[in-house]
Structure formats: structure tokens, C-alpha cells
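Comments concern the structure below.
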Amino acid sequence: MTVELGHFTLILAFVFSITQAAFGFAGAAAQRVDWINAAKIAALVQFLFTTLAFAALTYAYVTSDFSVRNVFENSHTLKPLIYKISGVWGNHEGSMLLWVLVLALFGAAVASFGGKLPSTLRARVLGVQALIGIAFLAFILVTSNPFERIVPAPLDGQGLNPLLQDPGLALHPPILYVGYVGFSVAFSFAIAALIEGNIDTSWARWVRPWTLLAWSFLTGGIALGSWWAYYELGWGGWWYWDPVENASLMPWLVGTALLHSSIVVEKRNSLKSWTILLSILTFALSLIGTFLVRSGVLTSVHTFATDPDRGVFILGILCLAIGGGLTLYAWRAPHIKGGRLFQPISREGGVLLNNLLLTTAAATVFLGTIYPLVLEVFNGSKISVGPPYFNATFVPLMTPLIAALAVGPLLGWKRGDIAGALSRLKATAATAITVFIFVAWTAGQNSVWAAFGIFLGVWLAGGVITELAKKIGLGQRSPMESWRRLLKISRSSWGMSLAHFGLAVFIIGATGLSFWKEEKIVLMQPAETAEIGDYRVTFNGVRDQNGPNYIARQAVFTVEHEDKEKFNMTAEKRRYPVSQQETTEAGIKNGWLEDLYIVIGTNDKKNGQTVRIYLMPLVGWIWMGVLIMVFGGLFSLTDRRFRIGVPEREEIAGPAPAE
Amino acid sequence: MRQLLFLLPLSTFILLAAYFGLGLTKDPGLIPSALIGKPAPKFDLPSLMPGEKGINEHDFKGRVSIINVFASWCVPCLAEHPIWMQIHNNTSIPIYGIAWKDKRESTMRWLEKHGNPYVRIGYDPLNVFGIEWGVYGAPETYIVDKTGRIRFKHVGPIFPGLWQSQIFPLVEKIRAEK
């Protein structure tokens with residue numbers, strides 16, 4: 001009964017999204033307040049019904065109602081409760097329902113918190129949001145109904161892919177979807193602005209918090225996925241340039257560009273049509289991300305569905321959303337009045353450089369991801385371009401970006417003083433070069449590139465600190481005055497500093513891991529010892545251990561470090577009898593400077609246990625850096641002007657004091 | 001001129017959409033093979049596992065066998081891998097693996113991680129088997145009957161639906177032949 005109710009409320013949500021679109025566009029065109037208000041109420045009701053539908057499916061999972069095909073195929077009575085819940089979105093139908101739920105949530109948020117928006121703009125934004133909702137709800141109802149029954153009901157379910165039974169991955173899709181779908185708001189704002197034919201600084205002020213929110217969640221979602229790959233897949237890596245990872249990286253790169261260019265629109269009323277284009281492209285890439293993963297064009301661990309009918313449907317949605325958006329752009333954008341001019345060396349110039357590098361990087365990732373698909377269309381060969389391509393194209397594009405990132409925030413708007421900015425960075429440059437020489441010297445012969453990576457990280461971190469010092473007039477004002485200014489720095493400004501600093505930490509971590517990872521594969525008999533770095537790892541043997549829905553073979557190790565005391569580590573192989581699949585649980589000892597990472601392979605009495613031991617230098621910095629970036633984004637979101645929607649006060653630091 | 005610049009994103013998109021559209025209409029599994037019904041081409045590969053016996057076309061005689069071309073770098077191979085594990089665990093049909101265009105150690109590690117469903121694995125880093133048998137890409141699957149003739153070929157991953165509805169019935173049918 002609950003299940004039929006869920007299906008019914010989903011149909012109601014579909015009906016209300018049509019109402020929302022109709023009243024939104026008609027109300028804005030006719031300038032009728034009652035219609036505009038109707039669109040707002042429809043958005044709230046649509047959210048309510050989508051939530052009810054989602055709750056109904058969750059209820060079916062929690063109560064293990066196997067008469068529902070979706071529950072039967074993806075759940076099992078023995079599964080722990082948390083994975084019964086996460087099973088709701090661990091499959092194609094449920095994850096699309098989650099997608100629509102997040103979309104409806106954003107629609108309702110615009111309806112509730114957009115009170116200060118010009119009413120026609122808000123109505124049109126809600127209208128565009130509703131169009132996306134209509135498309136996706138129709139997709140679910142027609143091709144991917146999660147509420148389908150089977151008669152007779154089976155006794156037990158088929159279980160969820162054991163790889164997905166993990167706390168990191170349980171949280172990964174909801175967070176990632178808030179990111180993906182959050183960019184729909186920027187898209188809707190862009191389309192609404194194109195319809196209205198008007199874009200100005202207040203438009204950018206409305207879009208920025210939504211973009212920032214989406215960006216923070218997308219960043220967190222990607223990091224969570226990468227962290228999961230690190231500890232769960234047991235390959236000892238954290239990023240594989242897997243098509244599914246690329247699908248989330250592309251909207252991130254373009255979304256980061258959007259985040260920066262919308263600042264220029266807000267502060268300088270410039271780069272306007274470019275920012276509109278970025279809004280469309282970011283959401284387009286979010287949709288393509290969904291498309292690549294769902295259509296069966298790609299096949300991977302992450303792929304839940306392989307069904308051409310759905311592919312054709314999603315392709316239709318893509319063509320309407322992106323094609324429609326870009327057509328509108330080609331038609332209306334040339335009429336947007338150009339913004340204020342600026343010198344190439346200026347804050348705007350810096351943002352433009354950032355934008356060009358980020359979008360080019362996104363384009364290279366895009367090419368590397370779809371080139372194999374394009375080739376397949378032509379001659380049927382399946383190839384994989386793999387990490388060498390991405391490392392060769394992506395890293396050289398990021399290097400100048402990072403180098404310039406330390407300088408950009410030191411430049412003034414309109415016309416920057418590059419000599420002044422560089423002279424402020426003297427101390428930073430000296431520190432970074434010292435670190436470079438030290439690393440290149442101590443870490444052996446082939447460490448020049450590693451040293452260069454660390455150099456970039458230090459340079460960027462130094463740039464962030466220099467910019468803060470400049471803002472508070474450190475050394476030029478009295479300490480009391482500097483302190484007073486430090487307290488007055490706005491939260492959005494802190495957010496920028498934190499995000500850039502987090503990136504510096506990330507770069508150092510990624511460099512350390514890429515260049516200094518050590519790996520050892522050994523066959524071990526009980527009581528044998530292997531050495532890696534300063535660690536001595538002794539194998540104590542294996543034991544069997546049973547979990548709720550799996551049987552584990554657990555290997556126990558005693559590890560001694562040169563100067564620390566002993567500790568024990570365990571690594572497991574888990575076998576899930578229901579699905580006949582195995583997963584690897586790596587043993588990981590986290591540290592500030594390095595992780596020790598142990599994975600076990602096959603075991604036979606004669607030869608012994610295959611053990612892979614890795615020493616992962618600085619790996620924790622990767623996620624710590626990303627965490628700082630996410631925190632920066634969210635902290636910036638609490639800035640008072642985003643909360644109450646007032647225009648920002650003048651920059652506290654004002655113009656740079658004369659040298 | 002300036003108008004044309006604004007048309008650029010749209011035209012790029014239309015091109016890409018055409019590519020994807022074309023991709024969806026083609027089922028990679030439907031590439032016909034000239035080899036269907038013919039005796040399996042000659043080949044002789046060393047074993048992937050050091051010290052074990054290699055494979056040649058004579059090994060397939062006497063039993064209905066499945067030959068699966070795979071590689072550790074191939075993501076679709078990982079997607080179809082659970083089905084081979086299930087066939088290996090639940091039936092007596094021998095599955096021969098061809099470790100195609102891959103490093104020995106990578107393949108061994110991959111099998112160690114995901115399980116080894118193959119009775120024997122031929123090691124083909126240089127595409128020797130691939131040229132003889134006309135391999136398009138990994139994964140690819142062949143079924144050879146008792147007399148050593150190729151009866152079925154599928155390009156691309158095999159999913160439970162395809163196995164249940166087409167391949168398994170075909171294997172049963174060929175098995176019943178005299």
C-alpha cells in the first residue's frame with residue numbers, strides 16, 4: 001500500500017512540476033502576481049510529494065518488502081540497517097529518485113529564500129527548474145519506475161553489490177548529487193537572465209551563494225569518492241582517471257571557473273556573457289556526468305544501469321537542456337551589453353586566466369574521457385587512454401594556474417601592479433626556493449619534479465599568507481591596528497584564503513604520494529618479516545571471522561617502527577555468499593607524514609600468503625587539503641551579505657597603500 | 001562575426017550529440033564474425049601462470065568451451081567478471097581466458113583481487129591470438145563446440161540477462177548435439 005502511495009505521490013509531483021513551469025513562465029510574461037505566487041506554492045508542493053515518494057521507497061527498503069522488484073534486486077534481510085537505507089540510492093532507479101528529490105529541494109529553497117529576488121526573475125528561475133524536474137520525473141515514471149512489484153514476492157533479496165556496502169559510499173551519492181544538482185540553480189538563473197535579456201551585478205549576487213553551495217558539496221563528494229577508492233578498492237591509489245571520476249571532475253573544473261567569474265560580474269559588472277555560458281556548461285557537464293554513468297555508454301564498477309532505452313531518453317533530456325540553453329545563448333547573449341574594460345594585468349585578468357586554464361583542463365579531460373567512445377562509434381574498438389594521457393595534459397595546465405594563483409589576489413581590480421605584487425612575494429619565493437633545494441637535495445636524484453610540486457604548494461600557501469598580511473597591513477600599521485583589521489576581514493574573504501590554502505595542502509599531498517610511494521609484494525609464511533621504509537612488518541597468520549552478511553579471512557600483522565612502539569594491523573578479504581563476490585579491506589595505519597597500507601591476496605598452504613605492503617607518504621594531506629577547501633566554501637557561505645541579501649560593504653582593506 | 005562566436009558552443013554541442021546518438025544505435029555485440037561455424041583458428045600461447053601448461057586450439061576439442069578475451073586495464077571486463085565467477089562456481093563449463101595486450105603482473109594481480117574463473121589462461125601481450133581470431137577489443141567471448149568449431153562470438157561485456165536468455169540456452173543446445 002505504501003509503495004503504491006509512493007508511486008502515486010511521484011505522479012502528483014510530476015503534475016505539480018508542470019503546474020510550476022506553466023505558472024512560472026506565464027506569470028512572468030503576464031506580470032501577474034497571483035500566477036507567480038502559484039508557481040512558488042507549486043514548487044513547495046512538488047518538493048513535498050517527491051519527499052513522500054522517496055520516503056515510501058525508503059520504507060520498503062527498511063521493512064525489506066521484496067514484493068518490490070527494486071528492493072528484491074538490491075537488498076537482503078541480513079544487510080545492516082544503514083546499508084538497507086543506502087541501498088535506496090545504490091541502484092539506478094533509486095539514485096534517479098534521489099536526484100529528483102535534491103532538485104525539488106533546491107526548487108523549494110529558491111521559492112522560500114528568494115523573497116528578495118525580482119519577482120519575474122524568480123518566477124522564471126522556478127519555471128526552468130520545473131522543466132528539468134518534468135524531464136527527470138518523466139524519465140523515472142516511464143523507464144525507471146522504482147515502485148514496480150513482482151508477483152509472487154520472493155523470500156529474500158539478491159543483496160547489494162558488496163563494494164557499495166561501505167559508510168563512505170553510503171554518503172557519497174547524496175553529497176555528490178547536492179553538488180551536481182545544485183548547479184541546476186545557476187543554470188536556471190542563466191536561462192532566466194537570457195529570457196529577461198538583462199544581467200547585472202545583482203544577478204551575480206543572487207547566483208553566487210547557490211554556486212558556492214553546489215561547489216562545496218561537489219568538492220566534498222569527489223573527495224569522499226576518492227577516499228573510498230583509496231581504502232576500499234585496495235589498489236593503493238586515490239585517483240585513477242576513471243571515466244566516472246572524470247564525469248564528476250569536469251563539472252567541478254568548470255564550476256570552479258564559474259565561481260570565480262561570477263565574482264567579477266558582481267564586483268565589476270564584467271565577463272557577463274562568459275559567466276552565463278559557464279553556468280550553462282557547468283550544469284551541462286553535471287547532466288553529462290549523469291548520462292555517462294547511467295546510459296551504459298560506459299561500463300564500470302559504478303554503473304548501475306545498462307539499457308539503451310534509458311540512454312535514448314537521457315540523450316533527449318541532454319539535447320533539450322543543453323541544446324536549448326545554448327540556442328538561447330547564441331540568440332540572446334550577443335545583445336547583453338559589454339561590461340567595463342580592464343587591463344590584462346588586474347584582478348579581472350587573473351580570474352580570466354584562471355577561467356581559461358580551468359576550462360581548457362576540463363576540455364582535455366572531456367576529450368580523454370569521450371575519445372575512446374568516439375573511436376568505438378567509428379570502428380568498434382574499445383580502448384582506454386588511461387592515466388598517462390591525463391598526467392601529460394592536466395598537470396602542465398594546472399602548473400601555471402597554481403603559480404598565478406599566489407599572485408592574482410594581490411592584484412587590484414581594473415589595473416594591477418604586478419611589480420608591487422611580486423615584491424610582496426619575495427619572502428614566499430625565498431621560502432619556496434629553499435624548500436625546493438632542500439627536497440631535491442635530500443630526497444635523492446629523481447626528485448626534481450617532486451621538489452617542484454612541493455615548491456608550488458609552498459609558493460601558493462605563502463601567497464595566501466602574504467595576501468592576508470597585506471589586507472591587515474602587517475608591518476606597516478601598528479600591531480593593534482593590524483589585529484583590529486584581522487578581526488574585520490569578511491567571512492567570504494576568509495573563505496577564499498582557506499580554499500586556496502587547502503589547495504596548497506592538497507598539492508603537497510598529491511605530489512608526495514605520486515613520487516614517493518613505496519610498494520612491496522611478498523609471499524609470507526607465519527612469523528616471517530618484511531621491511532618497508534622504517535617499518536618491520538611481521539605476519540602472524542590468518543583467522544576466519546564472520547560478519548553480518550559476509551565471511552572474512554583476516555590476516556594479522558605486528559608492525560614495529562624504528563623509534564615507536566609496536567602495534568597490530570589487520571587486513572581482510574570478505575566473501576559475500578549471497579552475491580558470490582569478494583571485497584578487500586585494506587589494513588591502514590594513518591599518520592601525519594605517511595600511511596602504512598597492507599592488502600592481502602591469495603593464500604595457499606605451500607607458498608604462503610600474498611601480501612602487498614605500501615608506504616604512502618603525505619596521503620592524508622590530500623583529503624585534509626580538500627576538507628579545508630570545502631570548509632572555506634561553506635564558511636564563505638555564512639557571510640552576512642549572503643544571509644540577509646544586502647549589498648556588500650566596501651572592501652575593508654581598500655586600495656593598496658602606496659609603496 | 002561576433003554573432004558567430006556565440007554560435008560556437010551550440011555547434012560544438014550538436015556535433016557531440018550526433019556522436020553519442022550514433023554510439024547508442026550501434027550494439028557492439030552485433031558485429032558479425034566470419035569465423036562462425038568454422039574451425040577455431042590455430043594458435044599457441046604460453047600460460048599466464050609461470051610453469052603451467054599453455055593453450056592451443058586442440059584444447060577445445062571434446063567439450064563445449066568458452067573462450068574469454070580480457071585485460072586488467074579493461075573496465076567492461078571487470079563489469080562482466082562476476083558472471084564468469086558465477087559460471088565457474090555453479091556449472092562445469094570450462095572457461096579459457098586470453099590475457100590480452102596486458103602485463104603479466106597486472107593480470108595476475110587483477111585475478112588475485114577479483115577471483116580467477118578460468119581453467120587455463122593464455123598469455124597474449126603481443127596480440128598473436130587477437131590477429132588469428134579477429135579480436136576487436138576486450139572483452140570478447142567465443143563459444144567453441146566439441147568438434148572445435150566456433151559457434152558464437154560476442155563483442156563487449158556479458159551481463160546476466162544476456163547469459164540467461166541467449167548464451168546459456170545456446171551452450172545447452174550445443175552440448176546436447178552428437
Side-chain angles (χ1 to χ4, degrees), chain A residues 161 233-235 242-244 273 277 280-281 284 288 291-292 295-301 303 306 308 311-312 315 318-319 322-323 325-334 366 370 373-374 376-384 386 521 573 575 579-582 584 599-602 610 612, chain B residues 2-28 30-31 71 73-83 85-86 88-90 101 105 108-116 135-140 155-157 159-162:
Chain A
N161 182 349
L233 288 183
W235 297 347
D242 175 290
V244 175
S273 56
L277 180 61
I280 298 174
L281 289 181
I288 289 174
F291 174 56
L292 284 182
S295 68
V297 167
L298 295 174
T299 317
S300 153
V301 196
T303 307
T306 34
V312 171
L315 193 67
L318 269 183
C319 284
I322 309 174
L326 291 177
T327 309
L328 201 62
Y329 178 79
W331 174 35
R332 305 282 287 190
F366 187 77
I370 69 153
L373 302 174
V374 172
E376 193 188 326
V377 172
F378 277 130
N379 61 9
S381 66
K382 285 184 192 288
I383 62 144
S384 173
I521 307 178
K573 273 235 182 255
R575 182 156 193 82
S579 59
Q580 291 283 316
Q581 277 173 302
E582 268 196 351
T584 308
V599 194
I600 56 170
T602 50
T610 319
R612 278 185 285 133
Chain B
R2 193 164 169 253
Q3 311 284 85
L4 283 183
L5 204 63
F6 284 95
L7 271 172
L8 196 68
L10 181 63
S11 20
T12 315
F13 171 73
I14 291 173
L15 265 176
L16 285 171
Y19 273 136
F20 276 113
L22 218 59
L24 282 169
T25 58
K26 281 199 175 180
D27 183 348
L30 292 181
I31 298 168
W73 48 262
C74 151
V75 186
C77 299
L78 185 60
E80 69 165 9
H81 190 260
I83 192 120
M85 291 308 288
Q86 277 183 23
H88 172 70
N89 289 335
N90 303 328
K101 290 190 180 175
E105 187 175 309
M108 288 173 75
R109 193 188 293 175
W110 191 85
L111 288 169
E112 190 183 280
K113 176 166 163 42
H114 302 289
N116 182 357
V135 172
Y136 277 98
E140 227 172 80
V155 180
F159 289 101
L162 187 68

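In what follows, every chain begins at residue 1, and chains take the letters A, B, ... in the order their sequences are listed. Please read these numbers as outputs of a predicted model, since none were measured by experiment.
- Taking OH from A/Tyr329 and CG from B/Leu7, the interatomic distance works out to 10.5 Å, rounded to the nearest 0.5 Å.
- Only the side chain of A/Leu277 comes within contact range of chain B, with heavy atoms under 4.5 Å apart.
- Here the CD1 atom belonging to A/Ile521 is positioned 7.5 Å from the CD atom belonging to B/Glu112, to the nearest 0.5 angstrom.
- Between atom CD1 of residue A/Ile322 and atom CZ of residue B/Phe13 there is a gap of 4.5 Å, rounded to the nearest 0.5 Å.
- Neither the backbone nor the side chain of A/Ile280 comes within contact range of chain B; no heavy atom of the residue lies under 4.5 Å from a heavy atom of that chain.
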